[in-house]
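Worksheet: one structure, shown below.
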Amino acid sequence: MSLRRFFGYSDDELMRPNAKTCSRLMRHTAAIYTVGGALGFWVLCRMQYGPRITIPRSLRWAACGV
């Protein structure tokens, strides 16, 4: 929602007229999966590379899609 305002679009330009906005449950579910995926990625990197993996390095790798 806030990105629409940031880019100067109204709801009609980005969404169908009959589309529903995300419910709070959907937003919470997306947040849980995002955090869980990040933790899972960090754990797998830690298991593979051991103490050489640091949080900034794993964040860089996650950002570029490694």
Side-chain angles (χ1 to χ4, degrees):
M1 296 267 192
S2 61
L3 285 177
R4 286 188 208 139
R5 287 188 210 108
F6 176 75
F7 289 117
Y9 293 113
S10 68
D11 289 343
D12 295 334
E13 295 174 19
L14 290 179
M15 293 177 58
R16 294 187 321 267
N18 60 350
K20 293 188 291 186
T21 58
C22 290
S23 67
R24 187 174 5 170
L25 177 63
M26 289 179 68
R27 286 194 303 267
H28 287 171
T29 304
I32 289 168
Y33 278 104
T34 300
V35 171
L39 287 174
F41 179 79
W42 186 78
V43 166
L44 290 175
C45 284
R46 189 78 176 173
M47 288 170 54
Q48 176 71 27
Y49 296 105
R52 292 183 298 164
I53 191 70
T54 60
I55 291 176
R57 181 178 290 164
S58 65
L59 290 176
R60 280 196 309 268
W61 289 357
C64 70
V66 171

Nearest-0.5 Å distance that lies between atom CZ in Arg27 and atom CD1 in Ile32 = 13.0 Å

For the residue pair Arg57 and Arg52, what are the closest heavy atoms and their distance?
-> NH1-O, 2.8 Å

OG1 (Thr54) and CZ (Arg60) are apart, to the nearest 0.5 Å, by 6.5 Å

Are Met47 and Trp42 connected in the hydrophobic side-chain network, where two residues link if heavy atoms are under 4.5 Å apart?
-> yes

